[in-house]
Amino acid sequence: MKRPVTSCLVSLALFGMNATAAPPPAKQGPSVVIGAGVDQTDNAYKSSNAEQDETKEYLNLGLGYLRSGQLLSANFDYNSEFANYENDTTDDDVVVTGSGSLAWSALPDRLQLSVSHQRSEQLRNSRDPDIRNNRQLRNILSAGPAFTARLSPVDDLVFTGRLTQVSYDKSSVDAESGQHAGRDSDRLQGGVAWQHHLSKTDNLSANYQHATTEFDGTDVEMTFQQVFASYDVRLRNSGYNIALGMNRSERKGSSSNDGFYGQVGGDLGIGAHRIRLVAINQLTDSSMGLGGNSLLSGNLSPRDNNFDVIDVVERSSLDLNYGYDGICERCVLDLGLRYDEQDFETEPRDQKSNGINGSFGYRLTPTLKASLRGSYTEIEFPQDSTGARKDKRKQAGASLDWTLSRQLELRFFITQESRDSSRGRDYDEVFGGISANYTYR
């Protein structure tokens, strides 16, 4: 397995450009969102030789709750969708996705107990198109304590523990294999960190993390270790952090792998300019998902994906986002750049992607907003079953958002998407739709 350190060094070189202004605080308490919509596509299978029109009619129900307190904090946001497909390109179904977290300060500033859950749709295989038949539902449930020991007014010793379960819905089992192929897993993680507070805004720390992962139905056991130092700065309108160190993976009964660990993140807002940078290089395993989980990538990256194999993966990724609202009083411009490389230890699943995206929004009236967007992405699969493969994906679209009241909003959109593949996986698709959402807070 290669050591793709170069991309992370590029990330460090771009460190000074990090950014994005923080969003306004959300309203506390419960929220309910009721929605309905109709989507239409002229190529439901995203294929050049099996084009099929499809109309999707759906109903949405979203439930949320937000609470921020000194002793108890909670953040839940779940959505259920019932979908009907008129031409039966996929089965009618109900899909529930979302995330939630709960944190309790059992001893203020000393002991915190937390639990989190995430339920999301993942790609079965990133080499295939992003259609419902190529998705599966993954659940990640995690819980554990964090204890802080005060060594001095400016020094803390923090101990953390975490138990994480990764599982897939039975409805998401591969129809051909009839099983999850050992992708369900249990991860036990612990760590210790020494934190030194240089000032009210600057923190320096030394960290050690250890994690053991077991996969259901197999004798595979993996151990991950990380040793790194980090520096963190938090200001009123900006902040950044940098972590550098080493990580090691060990598979039971096999050799170990050592790699460089680096993570850089930052956001900055200066006047009408907003910049954000997130970059990471680390060892991980395929059970936790490998791509598409960046908050900045927009539609550049495919959904997160998991494979029917268990392997150690070295991942390098970079997300850079720039926003500007100084063109005119009613305009917002956003530009994005993304790079992602996944290097598998033993399996022939390596892939590399890079792309750019942009959007321009213009508020026609106080209640009517029009937007244009586009993206271009290149994805390379050097070890595809039919030989090295390179895909080029282009997407362009427009949308219109109409706010009828504080609670009710209508949305119209149309998008054209195409893929040019060196291995005959080309397709063209035009899809669009209309939706309505009613929000109660």
Side-chain angles (χ1 to χ4, degrees), residues 1-18 112 114 116 142 144-149 151 154-164 187-199 201-213 222-234 239-251 255-267 276-291 293-296 312-320 339-343 345:
M1 183 171 70
K2 297 179 300 180
R3 296 290 184 265
V5 178
T6 305
S7 61
C8 197
L9 295 180
V10 173
S11 303
L12 299 182
L14 292 172
F15 173 67
M17 300 176 62
N18 34 53
Q112 185 181 72
S114 62
S116 63
S142 184
F147 177 75
T148 301
L151 303 180
V154 294
D155 294 287
D156 298 329
L157 201 59
V158 182
F159 301 89
T160 57
R162 206 78 182 164
L163 176 62
T164 301
R187 174 175 301 205
L188 182 61
Q189 181 174 331
V192 59
W194 166 71
Q195 296 181 347
H196 179 69
H197 306 285
L198 299 172
S199 68
T201 59
D202 297 49
N203 295 285
L204 182 67
S205 68
N207 306 264
Y208 172 75
Q209 295 283 338
H210 184 282
T212 300
T213 305
M222 291 185 177
T223 300
F224 288 88
Q225 298 182 73
Q226 286 184 342
V227 179
F228 61 96
S230 66
Y231 178 65
D232 182 87
V233 177
R234 285 289 172 264
Y240 61 87
N241 63 81
I242 179 171
L244 298 173
M246 299 293 294
N247 46 202
R248 165 177 287 189
S249 70
E250 297 177 87
R251 188 198 296 254
S255 60
S256 62
N257 291 283
D258 296 319
F260 168 72
Y261 170 71
Q263 182 167 335
V264 177
D267 57 85
R276 172 176 285 185
L277 172 68
V278 176
I280 188 169
N281 188 98
Q282 69 171 359
L283 292 175
T284 182
D285 69 79
S286 53
S287 72
M288 296 297 288
L290 301 173
N293 48 12
S294 170
L295 298 177
L296 304 175
V312 176
V313 185
E314 184 158 17
R315 183 182 180 206
S316 304
S317 65
L318 166 69
D319 282 289
L320 180 63
Y339 172 86
D340 186 271
E341 182 174 358
Q342 300 167 14
D343 183 14
E345 178 191 8

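One is the number of the first residue; the rest follow in order along the sequence. Below, each value reflects all heavy atoms present in this structure, side chains not excepted, and no hydrogens, waters or symmetry copies.
- With salt bridges taken as basic N to acidic carboxylate O contacts below 4.0 Å, none links Arg315 and Asp343.
- Leu244 and Gly262 get closest at one heavy-atom pair: CD2-CA, 4.2 Å.
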Task: Derivation of the side-chain contact (heavy atoms from CB on, under 4.5 Å) call for Tyr231 and Asp202 - done: CA-CA 7 Å; Tyr231 178 65; Asp202 297 49; 2.4 Å; yes
Open item on the list: For Leu277 and Val264: C-alpha separation, side-chain torsions, deciding distance, then whether side-chain contact (heavy atoms from CB on, under 4.5 Å) applies.
Closed with: CA-CA 7 Å; Leu277 172 68; Val264 177; 4.2 Å; yes
Please report, to 0.1 Å, the donor-acceptor pairs under 3.5 Å made by any side chain of residues 191-198, with sequence neighbours excluded.
{"from": "Trp194", "atom 1": "NE1", "to": "Asp155", "atom 2": "OD1", "distance (Å)": "3.2"}
{"from": "His196", "atom 1": "ND1", "to": "Asp155", "atom 2": "OD1", "distance (Å)": "2.8"}
{"from": "His197", "atom 1": "ND1", "to": "Asn203", "atom 2": "OD1", "distance (Å)": "2.4"}
{"from": "His197", "atom 1": "NE2", "to": "Asp156", "atom 2": "OD2", "distance (Å)": "2.8"}

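- To the nearest 0.5 Å, the span separating CG on Leu204 from OG on Ser199 amounts to 11.0 Å.
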Open item on the list: Please determine whether side-chain hydrogen bond (donor to acceptor under 3.5 Å, both in side chains) holds for the pair Tyr339 and Asp319, giving the CA-CA distance in whole Å, both sets of side-chain angles, and the decisive distance to 0.1 Å.
Closed with: CA-CA 7 Å; Tyr339 172 86; Asp319 282 289; over 6 Å; no
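- Residue pairs satisfying the salt bridge (Lys or Arg N to Asp or Glu O under 4.0 Å) criterion with at least one member in residues 240-249, sequence neighbours excluded, are listed as follows: Arg248-Asp258.
- Atoms CD and CD, from Gln226 and Gln282 in turn, are 6.0 Å apart once rounded to the nearest 0.5 Å.
- Nearest heavy atom pair, residue Arg234 against residue Tyr240, reads NH1-N, 3.2 Å.
- A donor-acceptor contact closer than 3.5 angstrom is absent between the side chains of Asn207 and Gln209.
- Taken from CD in Gln263 to CG in Asn281, the straight-line distance is 10.5 Å, to the nearest 0.5 Å.
- At least one donor-acceptor pair closer than 3.5 Å links the side chain of Asn247 to the backbone N or O of Gly259.
- When side chains are defined from C-beta on, Phe224 does not count as touching Gln189, because their heavy atoms never get closer than 4.5 Å.
- Counting all heavy atoms, side chain and backbone alike, Ser249 lies closest to Leu283 at N-CD1, 3.9 Å.
- Side-chain contact between Met222 and Val312 is present, with heavy atoms from C-beta onward closer than 4.5 Å.
- For the pair Asp340 and Gln342, the minimum side-chain heavy-atom distance is below 4.5 Å.
- With rounding to the nearest 0.5 Å, the separation of OG in Ser256 from CZ in Arg251 is 12.0 Å.
- Rounding to the nearest 0.5 Å places OG of Ser230 at 7.5 Å from CG of Asn241.
- The two residues Gly245 and Phe260 come nearest to each other via the heavy atoms O-CD1, 3.6 Å.
- Expressed to the nearest 0.5 Å, how far OG of Ser142 lies from CZ of Arg162 amounts to 3.5 Å.
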